[in-house]
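Read through the structure below, which is laid out as structure tokens, and then see the notes.
The model shown is predicted, which means the values in this text are computed figures rather than measured ones.
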Amino acid sequence: MTPLFSSYRIHSYGPNEEMGMHAHDDFSFSLIMAGQYEETIRGRQDTFFPGSLLVCPPGEPHAQRFGPKGLYKLVLLPTCNGVERFDALTPLRKAPVLRTSEVMDIARRLHRELRRDDPFSSLFIEGLSYELTGVFARGHSGSGGVWPGYLRRALAYLAESEGSVPRLTEVASAIDCDPDKLSGAFRTYLGCSLGEYHRHCRIEKAAQMLVESRLPLSEISLTCGFSDQPHFNRTFKAQLGLTPAAYRREKS
């Protein structure tokens, strides 16, 4: 198979950072893994959360403002073949966006293989890049770029919440939405429950802190809403395949 991407990189940004209008020389695909940010591009402004895939065309001015918990994302640079493949599905110059649970799942698996980096990782990464093409095609054949406003308000509420996972009823009340309707939206658009989504985001934030700081594991655990250290260790390993301590050693 001909490679679709030439580079896979992890980028992270601090809380409430801002980037004024700027442009890049090449196409880039961003897969949001944790946090949130607001982007202004091509005269439109929108807020993005985990499960979002954004295409940035070369030479296209855009500005970004990151949320109160910063941002953690994968940035993929497509090859010429990749640009041709994706552009045949929807015009990339229009900076298309895709929001779906499959994006979050592929981002998580790509991140795992980039971290593992064994003799077989390149095969998995290549396969996942082609899977992303299929998700992109299917998403843009329907309404994959559109999430209901109440779901986006719920994601914004979760992005700003501290401590343990808020109850569904608490979030629904805060955004004035029926709990059953909100629960169904998480399943339909993100493929998981509200609690599962929030735990995923907290673990991605913990992984970022493990790499970028020397804070004790206990402090990272508390900051990310885990009052029980063994529970934090189990949840982290289930999602990323290593304990927090092992993850930090591997990344140092």
Side-chain angles (χ1 to χ4, degrees), residues 10 12-15 31-36 49-52 66-74 101-118 124 151 153-175 179-180 182-252:
I10 297 170
S12 60
Y13 305 87
L31 284 69
I32 311 305
M33 298 189 67
Q36 69 177 90
F49 306 91
S52 302
F66 305 102
K69 294 186 178 180
L71 185 80
Y72 193 65
K73 67 177 181 179
L74 283 175
S101 60
E102 286 93 341
V103 168
M104 189 159 61
D105 179 58
I106 290 172
R108 186 183 303 136
R109 286 186 286 155
L110 278 171
H111 181 264
R112 184 180 300 129
E113 291 303 327
L114 290 169
R115 175 189 53 74
R116 181 171 292 172
D117 194 26
D118 65 19
F124 283 97
L151 176 58
R153 292 196 300 274
L155 295 179
Y157 182 88
L158 290 174
E160 295 177 4
S161 65
E162 300 289 346
S164 59
V165 180
R167 292 182 179 275
L168 173 66
T169 51
E170 174 192 335
V171 179
S173 176
I175 66 169
D180 290 338
L182 181 60
S183 176
F186 268 88
R187 292 291 183 188
T188 299
Y189 292 94
L190 292 168
C192 60
S193 68
L194 181 151
E196 290 167 341
Y197 173 87
H198 198 228
R199 279 190 291 274
H200 162 78
C201 293
R202 288 189 297 157
I203 290 298
E204 294 296 347
K205 178 62 177 178
Q208 179 183 353
M209 293 179 70
L210 286 167
V211 174
E212 297 181 355
S213 77
R214 302 314 302 169
L215 292 173
L217 298 184
S218 58
E219 187 170 342
I220 292 176
S221 173
L222 287 172
T223 300
C224 295
F226 293 90
S227 57
D228 182 339
Q229 182 76 40
H231 180 220
F232 172 57
N233 291 343
R234 290 193 301 271
T235 306
F236 193 99
K237 185 173 182 179
Q239 183 165 314
L240 296 181
L242 290 173
T243 64
Y247 186 90
R248 171 173 270 174
R249 285 196 301 270
E250 184 174 286
K251 291 294 183 179
S252 63

Are the side chains of [Y] and [X] in contact, using a 4.5 Å heavy-atom criterion?
| X | Y | answer |
| --- | --- | --- |
| R199 | E196 | yes |
| P244 | N233 | yes |
| F186 | S193 | no |

For F124, look at atom CZ and say whether over 12 heavy atoms of other residues, nucleotides or ligands are found less than 6.0 Å away. no
Between L210 and L217, is a side-chain contact (heavy atoms from CB on, under 4.5 Å) present by the stated rule, with each step listed? CA-CA 8 Å; L210 286 167; L217 298 184; 3.3 Å; yes
Donor-acceptor pair, distance only, cut-off 3.5 Å: does the side chain of R202 make one with the backbone of G225? yes
Partner set under side chain to side chain contact (heavy atoms under 4.5 Å, CB included) for D180, not counting sequence neighbours: D178
Just verifying a value: how many Å separate [X] [atom1] and [Y] [atom2], rounded to the nearest 0.5 Å?
| X | Y | atom1 | atom2 | answer |
| --- | --- | --- | --- | --- |
| C192 | R187 | SG | CZ | 7.0 Å |
| T223 | K205 | OG1 | NZ | 9.0 Å |
| K69 | L158 | NZ | CG | 8.5 Å |
| R167 | S173 | CZ | OG | 13.5 Å |
| I220 | Q229 | CD1 | CD | 9.5 Å |
| H198 | C224 | NE2 | SG | 9.5 Å |

Quick check: closest heavy atoms across [X] and [Y], and the distance to 0.1 Å?
| X | Y | answer |
| --- | --- | --- |
| L151 | A185 | CD2-O, 4.2 Å |
| M209 | L215 | CE-CD1, 3.7 Å |
| A154 | I175 | CB-CD1, 3.8 Å |
| C201 | A34 | O-CB, 4.0 Å |
| L71 | G35 | CD1-C, 4.0 Å |
| A207 | L240 | CB-CD1, 3.8 Å |

As a quick check of understanding, evaluate side-chain contact (heavy atoms from CB on, under 4.5 Å) for V211 and I10, giving each step before the final call. CA-CA 11 Å; V211 174; I10 297 170; over 6 Å; no
I'd like to check the side chain to side chain donor-acceptor pair (under 3.5 Å) partners of E204; sequence neighbours left out, ordered by chain and number. Q239
Kindly indicate, with the supporting measurements, whether the criterion salt bridge (charged side-chain N to carboxylate O under 4.0 Å, His left out) is fulfilled by R214 and E219. CA-CA 10 Å; R214 302 314 302 169; E219 187 170 342; over 6 Å; no
Step by step, would you call L190 with L155 a side-chain contact (heavy atoms from CB on, under 4.5 Å)? CA-CA 11 Å; L190 292 168; L155 295 179; 4.0 Å; yes
Is E113 salt-bridged to R116, going by a charged N under 4.0 Å from an acidic O? yes
Is the NZ or CZ atom of R115 both under 6.0 Å from the centre of the six-membered ring of Y247 and within 45° of that ring's axis? no
Whether F66 and Y13 hold their rings parallel, tilted or perpendicular, with breakpoints at 30° and 60°: parallel
Take S213 and R248, measure what side-chain contact (heavy atoms from CB on, under 4.5 Å) needs, and give me the verdict at the end. CA-CA 10 Å; S213 77; R248 171 173 270 174; 4.0 Å; yes
